[in-house]
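Report on the structure given below.
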Amino acid sequence: MKRPVLAANWKMNNGPTAAKSFMDTFIEGFRPKTERTVIIFPPAVDLTIVAAATSARTDVFAGIQNIHWAEKGAFTGETSAAMAKDAGARMVLVGHSERRHVFGETDAQCAKKCLAAARVQLPFMLCVGEKIEQREAGETESVVMHQLREGLSLTPNLISTEFMIAYEPVWAIGTGLTASAADASAIHTLLRRELRQMIGTRGNEIPILYGGSVNASNAAGLLAAPEVDGLLVGGASVDAASWLAIAQGDISDEL
Ligand code: PGA
């Protein structure tokens, strides 16, 4: 029986006032029917609000969308792993497609961020995914495996490090196009195989989430697919009612 992970990535939406009202609505309405974990990744300025709103729950927690790899110093605009943790983050997204493709983040930088998170015992969620031209050129597997291996390459003791993987095909993010459950499952299966090669049977326990235009209508079908352990949701997670429908939605008995 899987314990599905349902993660909301608000991106640059919902400031502190909106975050407070979102959390009031969500926490009030969210009564899990089965065991599942919910993570909310708000903008950094909302972190303390989301963390405070979830403090009485064991099934819902806050994460941060990005960190810098340095511990502290002259890095205007950045947040360290320790600071994020101090503000209530219990997970960090690393290498989200927008970080990679809008802000030019490299695999080497992702590796440093995973290491920085692991150093302060902040679990991380490494995001991988191919662009449409890479998919069309038949390069999906090599791109995604490269991102996985490089992203994890600096973290020592991976076998005892808490982390998750999110597979988010770039062409599916914010476009309304979703990978089919079978396509997502096929890539997740490859990721799982690679994780097993890296860390043995512990690789079976690492949650692998799918992301890319997930909404309340397609969530259950994707979650039911083999090796899909959870969902990372952007656009459909920004509004409390929409997110509640996904987080609270039926999860197949097959899980
Ligand atoms: P989307 O975003 O659900 O809006 O496609 C997913 C993500 O970027 O994590």
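Just so you know, ligand 1 is whichever comes first in the structure, and atom 1 is the first atom listed for that ligand. If you read the sequence from its start, that first residue is 1, and numbering goes on from there.
Residue contact check: Gly174 has heavy atoms under 4.0 Å from atoms 1 (P), 4 (O), 5 (O) of ligand 1. Taking every non-hydrogen atom of His96 and a distance limit under 4.0 Å, the qualifying atoms of ligand 1 come out as 7 (C), 8 (O), 9 (O). Shown in contact with Gly235 at under 4.0 Å from a heavy atom are these atoms of ligand 1, numbered in order with element: 1 (P), 3 (O), 4 (O). For ligand 1 and Glu168, the ligand atoms under 4.0 Å from any heavy atom of the residue are 6 (C), 7 (C), 8 (O), 9 (O). Within the listing of ligand 1, atoms 9 (O) sit less than 4.0 angstrom from a heavy atom of Leu232.
Side-chain atoms of Arg192 and Asn204 form no donor-acceptor pair, as typed in the model, at a separation below 3.5 Å.
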Give every donor-acceptor pair under 3.5 Å between a side-chain atom in residues 113-120 and any protein atom, sequence neighbours left out.
unit_1 : atom_1 : unit_2 : atom_2 : d
Lys113 : NZ     : Asn66  : OD1    : 2.7
Lys113 : NZ     : Ile67  : O      : 3.0
Lys113 : NZ     : Glu105 : OE1    : 2.9

Please set out all donor-acceptor pairs under 3.5 angstrom arising from side-chain atoms of residues 162-170, sequence neighbours excluded.
unit_1 : atom_1 : unit_2 : atom_2 : d
Tyr167 : OH     : Glu130 : OE1    : 2.9
Tyr167 : OH     : Glu130 : OE2    : 3.1
Glu168 : OE1    : His96  : NE2    : 3.3

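Within the structure, the closest approach of Gly212 to ligand 1 falls below 4.0 Å when heavy atoms are considered. In this structure, Ala236 does not count as a contact residue of ligand 1, since none of its heavy atoms falls inside 4.0 Å of the ligand. Under a 4.0 angstrom heavy-atom cut-off, Ala172 registers as being in contact with ligand 1.
For the atom pair CD (Glu71) and OG (Ser80), the distance works out to 8.0 Å, reported to the nearest 0.5 Å.
For the pair Asp107 and Arg149, the salt-bridge criterion is not met [side-chain N within less than 4.0 Å of a carboxylate O].
The two residues Pro16 and Ile49 make their nearest non-hydrogen contact at CB-CD1, 3.5 Å.
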